[in-house]
Amino acid sequence: MKKKFPISLHAALTLAGLAIALYMIFLYAPEEMTMGEVQRIFYIHVPSAWTALLGFLIIFCSSIAYLWKRSQFADELAQATAEVGFIFCTCVLVTGPLWAKPAWGIWWTWDARLTLTFLLWLLYVAYLMLRNYLINPGRAANLCAVVGVIGFVDVIIDYMAIRWWRTQHPQPVIGGGPGSGLDPRMATTLLVSWIAFVFLFFLLVRIRLGIAQMRRELGDIRHILAFRASED
Amino acid sequence: MASLKIIWNIFAKDLRVEWRNRETLASMCVFGLLIIFLFNFAFEGAREETLRLLPAVLWVAIAFAGVLGFNRSFASERENACLEGMTLAPVDPSLIFLGKMLANLLFLGVAEVVMVFAASLWYNFSFLPALGQLVLIAFFGTLGYAALGTIFGAIAANTRMREVMLTVLQFPIAFWILMLSIDSTADALRGNPSGDWWSGIARVAGISLVFTIASFLLFEYVLEE
Amino acid sequence: MLETRNLTKFFGDLAALKEVSFGITRGQSAFLYGPNGAGKTTLLRMLASLARPSSGQVLFDGRDIERDGTKAKAAIGFVSHTTFLYGELTVRENLKFFGSLFGLSGLEKKIDAALEMFDMRERSAVFARDLSRGLQQRTSLARAFLHDPDFVLLDEPFTGLDTQSVKKLEELLRRLPQQGKALLFSTHDFEQGAALAERLIALKAGRVRYNGRLAAAPFESLGIVRAAGPKADG
């Protein structure tokens, strides 16, 4: 992948994408009727949520791949994605109140998206804590993979359960329900922003993955040195 | 079947160990009772308010008492690396999971009976009219919760902050087991106003079974060195 | 035959075992000798499938135990520093539990026999947590012999034992090869090991320095200083 799509090109495209998205967010998309300028957070809030969800899907697939094939790469990918996904997830939870307070007068509501994102955030925290607090780091891959699988099963259940719960206990939805029509310019801006975010997400994952792989190579070299040490 | 015998032996061993100590079950009950007492005292109110609060209070108490029990379940294995000792034998790790899970299920179940009894006393509330439903909800809810608690207990035993790690894993993932159990319990205590008494149980059972099966399948990876 | 091929184990940056290759067959007795940190415990644990290799294999009768360790586990008895005993259970209950995990028939008789082997019959109703270190060691040994294993792996089995128990254990271990069993144990006391085993496996810094008949070992180059000649009796 490095040869076909070098990281420099990836970074350049990401930067370009983000620049275009920024332009569209602030200058192209029309102002929202009721909420005013603050509504523009929507173009960061929603793509971040999608990306965080995508992140956990990748963690799930890598975890399965690790348990099945014992692939070190799968484990490193899961680790990298967890850290980057966590950032995007936090972003959703930060932009949520920033948007909600000026727009609706409340800091928080347990609407579908925020609830799902918060539960997802807790899963990210649990995953990262497990990675970092193990007494024997050699077990990290196995244990984190198990949590990755169960965690994603939980995400699916979260999605279904929240939808059901909201039919029983309806609540205001931030940013309108799924059917609330979007002005075509807004829809385009959202799409562009989303693509830029996905590019950014994968760029950060690649960088983090690179670090993990360098660490592994360093560890391998240390192993070779340890091997040669005390040869008498 | 040989497997059933092994599951039974591990289950019986956990019970025997607990019987000699009698610490786990007692602390679970006391802890659960304290939570129920706290809420009872803080929110004295009319029957309608009781109906609103009681299911949540009960399941929160069960949730915390459960985590306490799961932690202790693996603490007893830690002293002489007994969990490792079990892997010396040609035993399928899933059987170890089932044995320990059933023990956790039993302890939490007993604690639940104690808590419900105390709650009905303090809240002047009778659970008898809806007893059949409540037993089913409690069984399935506790089953899924105990399954998760068993596998996460085994995972957390490898970390530096065991109790905290178990809690951090358990609550987000068992969240909907608890929520749906609370919801069904509330419905049952109100006498099923919507006329539908089984779909709540089915929901709880469905989610619990999904998590139980997932935990069962993944446990062997947790024990691998 | 229980053997390792290029067995390597890393703990972080530390290479505990470096490309260790050796094997032991039924009827043989060997002892692992080496300074602290040489890798004896790690090696024994890996043979007992309590730890996975970083690279290399452990084979039991030709099969990789990582892929399928059931037959290996059923044929191996392992004793280490950790006793694997439940403090809240009695000696007999501990043995009963472990025996049940092996799916043994006629368990009660086998427990009695194992207790007899290590003089623990009178104490079979004592809780494991109330036993002294030496008695716990004997219980642990009884547990290891319960399923009549073909391969007996012992990590410093004489620790904590009084002189009489040491003698009894030595007699027992000496008989194993005649019974068609394999014995592999580690010890700090060279003379003791030499008196019990025909083969020496010298380990240093994770590497095998010598693997062969005891009599032919180059003691000087291995850094082993022997007392006045090998002992004739135990």
Side-chain angles (χ1 to χ4, degrees), chain A residues 56 60 63-70 74-75 86 89 110 115-169, chain B residues 78 93 97 144 147-148 150-152 154-184 186-187 193-194 196 199-200 202-204 206-225:
Chain A
F56 221 90
F60 173 68
S63 299
I64 299 252
Y66 178 78
L67 291 176
W68 187 19
K69 296 277 186 195
R70 304 289 155 162
D75 179 53
F86 173 69
C89 206
W110 290 110
T115 310
L116 183 63
T117 313
F118 182 69
L119 289 171
L120 189 63
W121 189 81
L122 289 177
L123 289 176
Y124 271 115
V125 168
Y127 186 93
L128 290 173
M129 268 184 76
L130 182 61
R131 273 250 178 229
N132 288 296
Y133 287 141
L134 283 168
I135 296 176
N136 174 8
R139 310 196 73 173
N142 257 15
L143 299 179
C144 289
V146 170
V147 172
V149 173
I150 296 184
F152 188 74
V153 169
D154 185 58
V155 170
I156 297 178
I157 288 180
D158 281 341
Y159 184 72
M160 292 177 354
I162 290 171
R163 280 175 60 183
W164 174 82
W165 188 268
R166 283 295 155 236
T167 64
Q168 308 296 111
H169 315 264
Chain B
R78 201 160 36 241
F97 170 76
L148 289 173
T150 305
I151 194 171
F152 291 147
I155 292 176
N158 289 288
T159 60
R160 295 201 280 271
M161 312 145 34
R162 299 186 178 99
E163 291 79 31
V164 173
M165 193 68 237
L166 171 57
T167 314
V168 167
L169 281 168
Q170 180 80 358
F171 281 128
I173 296 182
F175 179 73
W176 284 107
I177 296 180
L178 294 173
M179 282 301 117
L180 291 176
S181 298
I182 294 175
D183 200 65
S184 310
D187 230 25
S194 57
D196 170 15
S199 62
R203 270 189 294 269
V204 175
I207 290 195
S208 285
L209 285 173
V210 166
F211 279 124
T212 306
I213 293 172
S215 307
F216 172 79
L217 292 173
L218 292 168
F219 193 74
E220 60 168 297
Y221 297 106
V222 177
L223 284 193
E224 262 177 19
E225 159 58 41

Using a cut-off of under 4.5 Å on heavy-atom pairs, state which of B:A154, B:S215, B:A156, B:P172 scores highest against chain A.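 Top count of heavy-atom pairs under 4.5 Å with chain A: B:P172.
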
Portion of A:W164 that has a non-hydrogen atom of chain B nearer than 4.5 angstrom: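 Side chain only.
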
Can you tell which of A:D158, A:N136, A:V153 has the highest number of heavy-atom pairs within less than 4.5 Å of chain B?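 Greatest number of close heavy-atom pairs with chain B: A:D158.
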
Chain A contact via B:F219 - which portion, at a heavy-atom distance below 4.5 Å: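 Neither the backbone nor the side chain of B:F219 comes within 4.5 Å of chain A.
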
With sequence neighbours left out, which residue pairs that include part of residues 166-184 of chain B fulfil the salt bridge (charged side-chain N to carboxylate O under 4.0 Å, His left out) condition?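 Applying salt bridge (charged side-chain N to carboxylate O under 4.0 Å, His left out) to every pair that reaches into residues 166-184 of chain B, excluding sequence neighbours, yields nothing.
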
Test side chain to side chain contact (heavy atoms under 4.5 Å, CB included) applied to A:V155 and A:L123, step by step: CA-CA 9 Å; A:V155 170; A:L123 289 176; 3.6 Å; yes

For B:F171, is it the side chain, the backbone, both or neither that has a heavy atom under 4.5 Å from a heavy atom of chain A?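 For B:F171, there is no contact with chain A at all, as no heavy atom is under 4.5 Å.
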
Can you tell me which portion of B:L217 sits under 4.5 Å from chain A's heavy atoms? Options are side chain, backbone, both or neither.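 Neither part; nothing is under 4.5 Å.
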
Around atom CZ of B:R160, are there more than 12 heavy atoms from other residues, nucleotides or ligands closer than 6.0 Å?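 Yes - once you tally the heavy atoms of other residues, nucleotides and ligands closer than 6.0 Å, there are more than 12.
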
Top contributor to chain A contacts, counting heavy-atom pairs under 4.5 Å, from B:V168, B:I173, B:V164: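 Most heavy-atom pairs within the cutoff with chain A belong to B:I173.
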
Structural part of B:F175 lying under 4.5 Å from a heavy atom of chain A: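 The side chain, not the backbone.
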
Hey, what's the ring geometry for A:F60 with A:F152, parallel, tilted or perpendicular (30° and 60° as the breaks)?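 Parallel.
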
Look at A:L122, A:L143, A:V125, A:L120 and state which one has the largest set of heavy-atom pairs under 4.5 Å with chain B.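 Among the listed options, the one with the most contacts to chain B is A:L143.
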
Could you grab the distance from atom CG of A:L130 to atom CZ of A:R139, nearest 0.5 Å is fine?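 Interatomic distance, A:L130 CG to A:R139 CZ, rounded to 0.5 Å: 11.0 Å.
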
Identify which part of B:I213 has an atom lying under 4.5 Å from any heavy atom of chain A, answering side chain, backbone, both or neither.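 The answer is neither part of B:I213.
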
Against chain A, work out which of B:F152, B:Y221, B:W176 has the most heavy-atom pairs shorter than 4.5 Å and name it.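 Looking at each option in turn, the highest pair count goes to B:W176.
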
Using heavy-atom distances under 4.5 Å, tell me whether A:I162 contacts chain B through its side chain, its backbone, both, or neither.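 Both backbone and side chain.
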
Roughly how far apart are A:C144 SG and A:D75 CG, rounded to 0.5 Å?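 Interatomic distance, A:C144 SG to A:D75 CG, rounded to 0.5 Å: 7.0 Å.
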
Salt bridge (Lys or Arg N to Asp or Glu O under 4.0 Å) involving A:R70 - partner list, sequence neighbours excluded: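 A:R70: salt bridge (Lys or Arg N to Asp or Glu O under 4.0 Å) contacts with B:E224.
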
Roughly how far apart are B:R162 CZ and B:T167 OG1, rounded to 0.5 Å?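 Those atoms lie 13.5 Å apart.
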
